[in-house]
Amino acid sequence: MPNISKKGLVSALSVTLGLVMIFYFGWRADQNQIREARTQTVESTASLLSELIQETVNENLLLLANHKSRVEFTKGQYFENFEFETNLLLNVKPAFTFFEWIDQDGVIQLIEPYEGNREAIGLDILELDYRREDWMEMKRDSSINMTPWTDLVQSGSAFLIDAPLYYNNEFHGSLTVGMDFTDDFDDIMAGREMFSVEIRDENDRIFYEYLNSDIPEDEKYTSTQKLNFISGSSNEWTLTLSLDEDYFSSGILNSGQISLFFRMLIALLFGSAIYFMISAYRANKRNVEALKEKEVLISEIHHRVKNNLAVISSLIDLQRLETDDEYVIDILQKTQNRIHSIAGVHELLYNSDDLSSIPFRQYLSNLINRHLDVYVEDKKSIDVKIDSSVETLSINQALPLGVLISELVTNSFKHAFTDKTEGEIHLNVTSDRDYVHVQYFDNGPGFQKEQFEDGKGLGITIIKALIGQLQAKYKLESEDGFKLKFSFKKDFPK
């Protein structure tokens, strides 16, 4: 047996001990960075949710202000069509649960929907202690007032928002709305199962909870935010966001512990391999920092989103950047185009004074321009001609028609011009008294009717389903390219 060199053994043990110490304290630093990243994620997510919730509530308050202005502009004639006018919002905005007109004496005269709320008709709110002060404050300050979360006479609970009515130089009571934001807040929280949220009103009453019941109290990282709104009353809600530490970081912590074990093992077996071990440590540290930056970026990327469809589109965009698989990228791009087709309708709808229809020509132009930005290559010249005489279209028809046109344009760019450097796409949308007529054409290789009728692909399935939804009659031609004609009965706003 060869003699063991004491000097070599001491050197090896010294190097091994040094590596063990370096690896251990490095591992501790990594865990601290992970915890810091978790804390930053909680804070940034809480700020993002606060902004989205405030935007959602303020948007609904502005819609009420718009209806208040319509009452005052028409000098009360609004109430002659009270059911129609109020249902413009009740049918499309889930936060609006009912409308009521309270006259100048504080008596509820009209309410919509009537069924389920009839008990409130004739109620004198000035006799209710929990309503008198808020309503009189609204009358005195001539500003929109929002109550705390309130139990209703007709059952249930809601926020009551009073908008004072003044015309002909007189006070004519208030246009009052009951609002429940549960559905809107649930949409905002979709996909955030790692978090629990609790929102309290100014009286510290909980009115919204999104809870992960599996989170123990001692494993929560919490952030508290104050929410304020554009109403004239001093409403201040408190949002408390909690993070499941185990949900968020158990995999990272487990991998860190495994890494520590192997570092110790490698240090014991290869005490002289200092450079290799330090390099591995630094590489691991860069990975942890990259993970931290990624988490922060994902949170910050949602900072300015204004609605849930935009959030979904941004998440799809991020997912697309994380893969090099062209097939997966193509699927995600098509999905994103469909989402943008739907989002475009809602964006124009919410910016329009007419909530039953949208400016279709503008929507169509935005839709086609997006596809051009996505699909047109530098080496190809695709001539896209759009001719639309349809100025407006109801939301019930604009939405499926927009997605249908998006599918047709996507299919043309993906399949019609594969072997061409030049191509043409023509889209013609016209209407007569009762019908809308659409003609779509590209000069690609064409598409047999049998393939269209019997096709099982997702794109063809969506096209046929949307044609069916529009109750349209169509004709397919495949000579000298692909041509699809279809017509559907125009949906007139009621």
Side-chain angles (χ1 to χ4, degrees), residues 53-54 56-65 67-68 71 79 82 86 89-90 93-166 171-185 197-210 224-240:
I53 288 172
Q54 288 176 142
T56 298
V57 175
N58 286 336
E59 177 184 312
N60 285 284
L61 293 177
L62 288 174
L63 290 173
L64 173 60
H67 273 250
K68 157 189 160 64
V71 174
F79 295 118
F82 188 67
T86 55
L89 282 182
L90 291 172
K93 299 296 289 184
F96 285 73
T97 60
F98 64 86
F99 272 83
E100 61 187 17
W101 172 43
I102 303 174
D103 67 15
Q104 63 272 21
D105 297 321
V107 178
I108 300 176
Q109 298 293 341
L110 295 173
I111 195 164
E112 185 63 34
Y114 180 76
E115 293 300 326
N117 296 294
R118 64 176 66 187
E119 295 86 353
I121 294 292
L123 179 67
D124 186 350
I125 66 169
L126 297 181
E127 296 180 356
L128 303 176
D129 294 337
Y130 67 90
R131 284 288 282 137
R132 182 189 310 109
E133 183 177 347
D134 289 330
W135 198 79
M136 293 303 294
E137 179 183 353
M138 173 273 304
K139 178 181 178 181
R140 181 182 66 251
D141 297 340
S142 300
S143 62
I144 293 178
N145 175 77
M146 181 164 63
T147 71
W149 188 245
T150 302
D151 295 326
L152 305 176
V153 172
Q154 60 269 40
S155 77
S157 302
F159 290 100
L160 300 176
I161 296 89
D162 302 306
L165 303 175
Y166 287 90
F171 174 66
H172 289 270
S174 67
L175 184 63
T176 298
V177 172
M179 289 192 184
D180 183 349
F181 303 101
T182 300
D183 290 342
D184 288 338
F185 293 173
V197 167
E198 180 181 274
I199 306 179
R200 298 172 180 264
D201 65 13
E202 59 265 38
N203 291 337
D204 204 36
R205 179 179 180 183
I206 298 175
F207 67 89
Y208 177 77
E209 292 180 289
Y210 184 90
T224 300
Q225 302 280 329
K226 297 297 183 180
L227 309 179
N228 294 282
F229 310 101
I230 60 175
S231 65
S233 53
S234 57
N235 303 101
E236 184 176 76
W237 296 353
T238 302
L239 179 147
T240 303

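The environment of CD in Glu133 is sparse: at most 12 heavy-atom neighbours from other residues, nucleotides or ligands sit within 6.0 Å.
The structure places CZ of Arg131 at 9.5 Å from CG of Leu126, a figure rounded to the nearest 0.5 Å. Between the OG1 atom of Thr86 and the CH2 atom of Trp101 there is a distance of 14.0 Å, given to the nearest 0.5 Å. In this structure, Leu165 CG and Ile102 CD1 are separated by 10.0 Å, a value rounded to the nearest 0.5 Å. Distance check: Met136 CE to Asn145 CG gives 12.0 Å after rounding to the nearest 0.5 Å. In this structure, the separation between CG on Leu89 and CG on Asn60 is 8.5 Å, given to the nearest 0.5 Å. Rounding to the nearest 0.5 angstrom, the gap separating the OG1 atom in Thr56 from the CG atom in Leu61 is 11.0 Å.
Taking both residues in full, the closest heavy atoms of Met138 and Pro164 are given as SD-CB, 3.2 Å, listed atom of the first, atom of the second, then distance. In terms of heavy atoms, Thr97 sits closest to Pro113 at O-CD, 3.5 Å.
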- request: Decide side-chain contact (heavy atoms from CB on, under 4.5 Å) for Lys139 and Tyr166; before the verdict, give the C-alpha distance in whole Å, the side-chain angles of both, and the deciding distance to 0.1 Å.
  value: CA-CA 10 Å; Lys139 178 181 178 181; Tyr166 287 90; 4.3 Å; yes
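For Thr224, there are no side chain to side chain donor-acceptor pair (under 3.5 Å) partners at least two apart in sequence or on another chain. Partners of Asp151 by side chain to side chain donor-acceptor pair (under 3.5 Å), not counting sequence neighbours, listed by chain and number: Ser157, Arg205. Every residue two or more places apart in sequence or in another chain that forms a salt bridge (charged side-chain N to carboxylate O under 4.0 Å, His left out) with Glu115 is listed here: Arg118. Annotation: ring pair (Phe, Tyr, Trp, His ring centres under 6.0 Å) contacts of Phe99 (sequence neighbours excluded): His67, Phe96. Among residues two or more places apart in sequence or in another chain, the side chain to side chain donor-acceptor pair (under 3.5 Å) test is passed with Asp103 by Gln109. For Phe207, the ring pair (Phe, Tyr, Trp, His ring centres under 6.0 Å) partners at least two apart in sequence or on another chain are Trp149, Phe159, Trp237. With sequence neighbours excluded, the residues satisfying side chain to side chain donor-acceptor pair (under 3.5 Å) with Asn117 are Gln154. Every salt bridge (charged side-chain N to carboxylate O under 4.0 Å, His left out) that Lys68 has, sequence neighbours left out, goes to Glu72. Residues meeting the salt bridge (charged side-chain N to carboxylate O under 4.0 Å, His left out) test with Arg200, sequence neighbours left out: Glu198, Asp204. Checked against side-chain contact (heavy atoms from CB on, under 4.5 Å), Tyr130 has the following partners two or more places apart in sequence or in another chain: Leu128, Thr150, Val153.
Listed for the Gln54 side chain is no donor-acceptor partner under 3.5 Å among the backbone atoms of Phe229. With Asp201 contributing its side chain and Pro148 its backbone, the two residues share no donor-acceptor pair below 3.5 Å.
Ring-plane geometry between Phe79 and Phe82 is classed as tilted, the angle between the planes lying from 30 to 60 degrees on a 0 to 90 degree scale.
Under the side chain to side chain contact (heavy atoms under 4.5 Å, CB included) rule, Thr238 has a single partner from Glu202, Lys226, Gln225, which is Lys226.
The ring-ring contact (aromatic ring centres under 6.0 Å, His included) contacts involving residues 110-129 comprise nothing, where partners must be two or more places apart or lie in separate chains.
Salt-bridge check for Asp129 with Arg132: passed, with a basic side-chain N closer than 4.0 Å to an acidic carboxylate O.
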Pair up each side-chain donor or acceptor in residues 172-180 with any protein partner under 3.5 Å, not counting sequence neighbours, and list the distances.
| residue | atom | partner | partner atom | Å |
| --- | --- | --- | --- | --- |
| His172 | NE2 | Tyr167 | O | 3.1 |
| Ser174 | OG | Trp135 | NE1 | 2.9 |
| Ser174 | OG | Thr176 | OG1 | 2.9 |
| Thr176 | OG1 | Asp162 | OD1 | 2.6 |
| Asp180 | OD1 | Thr182 | N | 3.1 |
| Asp180 | OD1 | Thr182 | OG1 | 2.7 |

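Between Phe98 and Leu152, some side-chain heavy-atom pair lies under the 4.5 Å cut-off.
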